[in-house]
Amino acid sequence: MLPQLTGQPADRLRDALRRAGYDTSGVAGLLGDQALDALGRGEPVPALRASAAGGALGVLVRLFLLGAAEPERPVAAALAPLDPAMALACGLLRPADDGLRAALHVRPHRDEHSGWDQHRDWWVVSDLEPPWQPDPPGPDHVPGVGQASISLAHATIRRPVGTLLDLGTGCGVQVLHAARHAGLITATDVSPRALALARATFSLNELEVELLAGPWFEPVAGRRFDQVVSNPPFVIGPARVDHTYRDSGLPGDAGSELVLRALPDHLADGGTGHVLASWLHPRTGDWAERVATWLPATGVDAWVLQRGVAGPELYVGTWLVDSGLDPRAPQARLAAEAWLDWFARQDADGVGFGFITVRRTGAERSTVVCENLRQPMSDPLGPETAGWLDRVDWLRSRDDTALLDSSLVLGPDVVLDRTEVPGPDGWTSGPPVLRRRGGPAWRYQTDELGAALLAGCTGTLPLGDLIGLLAAAHGEPADPMVAMALPAIRNLVRHGMLLPAGPES
């Protein structure tokens, strides 16, 4: 039976959660840092001890976060005005020998990087996860707030939009974040259970969302949106579906390819799409060239950021554990053998994964950039992505002549590093490296001429004049220096290391 946590049960549960202070601050205050850290490692005992004297909040924490059974009387007091009978009937609780247990996770979730004036707390309704769910997740299992969903939320641009589509909503995490900046929201999923839990999440948080059932873009055929977000089933493997939240039913990375190929046709003019995706790394050929073919040659800007690569062995082992299987068990060993055999037949030596942003434009030629996110990044990627698209717009509006007529300044977080390297005659200066201290922490190796040119980018002289002065000072012709500098300058602008100065920015 699908959960029915909507209407009156959702209203009453919301009242109970608010009265008890069951939000991220309340839970953190009750448990303390040490118990929270232990819970993050899957160790519930410190949190059980810390919540023991927590009254109604402690009961809710033990029920919905720790998976403990609680006697019916304190559960009834903590959930009032939602009585236990109604909670059982709507699928929120289940009977246990020693009282009542949660049948669903109800987790407080906070938007720490919203870009808005205040943080916002929500409640996310999802299926129980191990160890609270002792059996391996079933095919229709709906996970809660995970690292992938948080990463996508942080990578999404948060500028006001009229319409937004969450493709493959799961339990609805992306919609919660989108509700701060989007007007009309549509969410789709192929899984009836996911739609039921998403509906519960939206009801509990008092959100009006259009929910549609169906695979991929079929439920919204012919429609366009100002923004699309998607954490689709992107696990790479044979064409099968063991778990609907992660398996596309298509071979290899065809699921990610399908989303990327169809996405531009569902974006309004100027609309943006933000997708988590995976792609095979062929033993021969370039992954970037392969992924770039998934996007049209005209009419889009696209930024593909590969944040990591996993070999087949690590990849298979990670996802088997995600399935709730013990890697040493016979079932897991057979699955691993079959999956690794499949990888061998693809002639692939790894899987790349990361973020893809697509914007629909009227440009005659698409701008598609595929690159590696080489440095760990603590800042949310969304503001960086918005800036990247703005800078691509600025560059598209300027041919080489107009760029040379532009005045540029170094980005506010840009520094020049110099290092000393050992040599036969002692320490010598290595090449200077331009580096951003924030965002993706891009790095560019340059030379002394390049460093001198960049030092002159203070917004007072056009780029062409700076190159001319530098060429004259070194007795070099200006035209070859211009030809060498312009491609590098465009890359530096795209990465936010050089910015337009004054009104043109």
Side-chain angles (χ1 to χ4, degrees), residues 148 151-152 155-156 165-170 174 188-190 214-221 224-225 227-267 271-310 312 315-316 319 339 342-361 366-373 385:
S151 295
L152 178 59
T156 299
L165 168 66
D166 180 11
L167 182 75
T169 192
Q174 302 308 315
T188 69
D189 209 289
V190 70
W216 307 110
F217 286 97
E218 288 183 18
V220 292
R224 295 180 184 270
F225 299 86
Q227 193 170 38
V228 175
V229 295
S230 184
N231 179 11
F234 56 70
V235 172
I236 291 177
R240 55 186 295 178
V241 178
D242 293 327
H243 303 283
T244 55
Y245 73 89
R246 69 175 213 190
D247 300 325
S248 69
L250 300 172
D253 51 19
S256 294
E257 179 181 358
L258 184 154
V259 172
L260 263 293
R261 288 190 182 277
L263 179 58
D265 289 336
H266 293 276
L267 292 175
T272 61
H274 308 274
V275 181
L276 283 182
S278 292
W279 41 84
L280 281 167
H281 270 234
R283 294 185 187 277
T284 58
D286 182 12
W287 72 268
E289 292 179 359
R290 184 165 178 274
V291 173
T293 65
W294 299 350
L295 294 154
T298 62
V300 302
D301 296 327
W303 195 22
V304 182
L305 270 181
Q306 181 170 261
R307 67 174 183 176
V309 181
Y315 190 79
V316 168
W319 285 108
W339 204 341
W342 179 89
F343 266 109
R345 292 193 297 273
Q346 310 314 304
D347 197 26
D349 59 6
V351 173
F353 50 93
F355 310 101
I356 301 179
T357 297
V358 178
R359 176 174 60 185
R360 183 182 176 91
T361 72
S366 292
T367 298
V368 179
V369 177
C370 302
E371 54 193 344
N372 290 296
L373 188 58
T385 303

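This chain uses plain numbering: 1 for the first residue, then up along the sequence.
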Checklist entry - Between T293 and V291, is any pair of side-chain heavy atoms under 4.5 Å apart? => result no

Checklist entry - Any side-chain donor paired with an acceptor under 3.5 Å for R360 and T272? => result no

Item to check | Note, R290 side chain near L280 side chain (heavy atom, < 4.5 Å) | outcome: yes

Checklist entry - Can Q306 and H281 be said to form a side-chain hydrogen bond (donor to acceptor under 3.5 Å, both in side chains), step by step? => result CA-CA 11 Å; Q306 181 170 261; H281 270 234; 2.7 Å; yes

Checklist entry - Hey, mind stepping through T188 and D166 against side-chain contact (heavy atoms from CB on, under 4.5 Å) and telling me if it holds? => result CA-CA 6 Å; T188 69; D166 180 11; over 6 Å; no

Next on the checklist: Check R345 with D347, please: is the shortest side-chain N to carboxylate O separation under 4.0 Å?
Outcome noted: no

Next on the checklist: Apply side-chain contact (heavy atoms from CB on, under 4.5 Å) to residues F217 and D265 and explain how you reach the verdict.
Outcome noted: CA-CA 10 Å; F217 286 97; D265 289 336; over 6 Å; no

Checklist entry - Of L260, L152, V229, V228, which meets side-chain contact (heavy atoms from CB on, under 4.5 Å) against V275? => result L260

Checklist entry - At what distance, to the nearest 0.5 angstrom, does OG of S230 lie from CG of L165? => result 8.0 Å

Item to check | Non-hydrogen atoms of W342 and G237 that approach each other most closely | outcome: CZ2-O, 3.3 Å

Item to check | For the student: nearest non-hydrogen atoms of P233 and T244, plus distance | outcome: CB-O, 4.0 Å

Checklist entry - How far does OG of S151 sit from CG of L276, to the nearest 0.5 angstrom? => result 6.5 Å

Item to check | Sub-4.5 Å side-chain heavy-atom contact between P296 and P264 | outcome: yes

Next on the checklist: Which heavy atom of P312 sits nearest to which heavy atom of D349, and what is that distance?
Outcome noted: CD-O, 3.4 Å

Next on the checklist: Please check: side-chain N/O of E289 versus main-chain N/O of G285, any donor-acceptor pairing under 3.5 Å?
Outcome noted: no

Next on the checklist: Please check: side-chain N/O of R246 versus main-chain N/O of V235, any donor-acceptor pairing under 3.5 Å?
Outcome noted: no

Checklist entry - Using the ring of each side chain (for Trp, its six-membered ring), is W279 parallel, tilted or perpendicular to W287, with breaks at 30° and 60°? => result parallel

Checklist entry - Can you say whether the rings of Y315 and F343 are parallel (under 30°), tilted (30 to 60°) or perpendicular (over 60°)? => result perpendicular

Next on the checklist: By the side chain to side chain donor-acceptor pair (under 3.5 Å) test, which pairs, at least two apart or in different chains, include something from residues 294-303?
Outcome noted: D301-R359, D301-R396, W303-E371

Item to check | Trace of the side-chain contact (heavy atoms from CB on, under 4.5 Å) decision for W216 with L250 | outcome: CA-CA 12 Å; W216 307 110; L250 300 172; 4.1 Å; yes

Checklist entry - Would you call R307 and F353 a side-chain contact if the rule is heavy atoms closer than 4.5 Å? => result yes

Next on the checklist: Please find the pair of heavy atoms, one from C370 and one from A288, that lie closest to each other, and give the distance.
Outcome noted: CB-CB, 3.5 Å

Next on the checklist: As an exercise, state the distance from CG of D247 to CD1 of I236, rounded to the nearest 0.5 Å.
Outcome noted: 11.5 Å

Checklist entry - Just how far is it from atom CG of L295 to atom CZ of R261, taken to the nearest 0.5 Å? => result 8.5 Å

Checklist outcome for this item: Between D189 and G168, the two heavy atoms sitting closest are OD2-C, 3.4 Å

Checklist entry - Passes side-chain hydrogen bond (donor to acceptor under 3.5 Å, both in side chains), Q174 versus H274? Steps please. => result CA-CA 11 Å; Q174 302 308 315; H274 308 274; over 6 Å; no

Item to check | Derivation of the side-chain contact (heavy atoms from CB on, under 4.5 Å) call for S278 and D253 | outcome: CA-CA 6 Å; S278 292; D253 51 19; 5.8 Å; no

Next on the checklist: I need the S248 OG to E257 CD distance, nearest 0.5 Å.
Outcome noted: 11.0 Å

Checklist outcome for this item: Output for pair (F225 CZ, L167 CG), nearest 0.5 Å, gives 9.5 Å

